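Okay, structure first, notes after.
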There are 2 protein chains.
Amino acid sequence: MNHSTETPVFTQTTVSGASAGIVVALSQAIHEHRLVPGTKLGEDELSDIFNVSRTVVRSALQALSHEELVELRRNRGAFVAKPTIREAREVFEARALLEPRTARSAAERMTEPALRTLEAHISAEHDALERAEPGKALRLSGQFHIEISRIADQTTIAGFIERLVARSSLIIALYWKRHSALCEKHAHHALLEAFRRRDGEDAEDLMKSHLVDIVAALDLREVPNSDVSLKAILSR
Amino acid sequence: MNHSTETPVFTQTTVSGASAGIVVALSQAIHEHRLVPGTKLGEDELSDIFNVSRTVVRSALQALSHEELVELRRNRGAFVAKPTIREAREVFEARALLEPRTARSAAERMTEPALRTLEAHISAEHDALERAEPGKALRLSGQFHIEISRIADQTTIAGFIERLVARSSLIIALYWKRHSALCEKHAHHALLEAFRRRDGEDAEDLMKSHLVDIVAALDLREVPNSDVSLKAILSR
DNA sequence: TGCGCAATATATGTATACAATCTATAAGTT
DNA sequence: AACTTATAGATTGTATACATATATTGCGCA
């Protein structure tokens, strides 16, 4: 299996040695929906699992909180982040602003090696789906978007998109409609074709509608606060 | 003096108690160019200055590195970041992508209190210039941009812009042309007028050209590595 | 005199210990 | 029986101590 699709490349070398591994492990688990939003990430628990001191764990959790994958509450602990509906909308508005333009740049600068990388991503995504590993498929589909932004050769914007994709994974975990099928396969294939033709305009349009499709598959209607309703139910 | 222009509002509550103060102090110093790019930020030194343990200092430095204000090198220490020319271009390309659209949104949603906040910012900036405190004026002028993005009511994008403005301060410290005058005053005044009229289109155009003007006042030509030239000079 | 190597000193990386804060359980009161 | 309060347990925040890596300085040698 292609190595580049397995190993998430972290642009930021900001996290020191031992923490880096923990950051990657937790990131993958969150992206694959094995850690669901709201899960408590206790420091002692993690230091036992990874056989390191709490110092290292805390460093990793701080890093993840800066990527907005983890929420730190003072004297309370670390939890997998739970984006609100409002934040969900904002994330996809930001993606709609950044990604179509980025896809255009990527198409215009497309090279043969970059094309092969994207093909490998899609095929890995396809494999994961066939093997009934939807979590892995989801993570790979996010990496497809990140890879495009890297090809566009705008490190700064690529960093933003990486954060948005990460947050999107949490949003999908929370708000995905069960009945709507996840068929990113077609959209990603179509994008790949546009990239092959180095057709920037087409790539931009395809990315725009792809993002619209994703948002359409989310259920972002406001719901009454679950705390209140829970209390109301139990008081009877 | 207006309180809101003095206290930088940090959107991320991710940094725990004692570190937060250090992050703010270092951020301000960097934004005001009192700490220049490349300056070493030793942990012992900082823990002496702020009377806290290295643990707290490290937490603050990690936070600053995630904001890309500080660069951490493993086993080497923390340094005020030194964006390259390439990074400088990317930062302003990203700003050109985000800020004009954001200015339009802000204009369309402008409220009276928001207008007054912006007026206070501009007047504080003006005061700082008259008092010959160019560092402070620069920091306030950056906060003007951040405030606009907050008014636009897009927290996610506002966070990105905050990072870009922070990085711009470092870029200006490194690449500003001495002979070009810093006259953001006019641009900011013109923007304020557009906001008063709630003229989104005009605000978008003004912001676009404002950013072009800033880039034009930078010297982003490639120069030979300063190490090499230093060696060459001293060897004579 | 100039270069290279080694030893020492300084600074960062990690682990552990202690302090402060919060949560949960249980007792007591109305 | 429900609510409040107190106490105990557990978890996080901070400080300190030890381990490890790097930078500098001094010595030896060519």
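Keep in mind that the numbers below use all heavy atoms, side chains included, and drop hydrogens, waters and symmetry copies. Naming convention: chains lettered A, B, ... in sequence-line order (proteins, then strands); numbering from 1 in each chain. Because the structure is predicted, anything quoted here is derived from the model rather than measured.
Taking 4.0 Å as the cut-off between side-chain N and carboxylate O, A/Glu43 and A/Arg58 count as a salt-bridged pair. One finds no salt bridge joining A/Lys40 and A/Glu45 here, because no Lys/Arg side-chain nitrogen approaches an Asp/Glu carboxylate oxygen to under 4.0 Å. For B/Arg150 and B/Glu147, the salt-bridge test passes: some basic side-chain N is under 4.0 Å from an acidic carboxylate O.
Under the 3.5 Å distance criterion, with hydrogens and angles disregarded, a donor-acceptor pair is assigned to the side chains of A/Ser59 and B/Gln62.
Note on the helix from C/dT1-D/dA30 to C/dT30-D/dA1: angle between the axes of the first and last five pairs equals 10°, rounded to 10 degrees.
For the pair A/Ser149 and A/Thr102, the tightest heavy-atom approach, listed with the atom from each and the gap, is CA-CG2, 3.5 Å.
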request  = Can you check each nucleotide of nucleotides 6-15 of chain D against protein heavy atoms at under 4.0 Å and return B for base, S for sugar-phosphate only, - for none, in 5' to 3' order?
outcome  = -----SBBBB
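Using a 4.5 Å cut-off on side-chain heavy atoms (C-beta onward), A/Leu26 and A/Val70 make no contact.
Aromatic ring orientation, A/His121 versus A/Phe144: perpendicular (interplanar angle above 60°, classes split at 30° and 60°).
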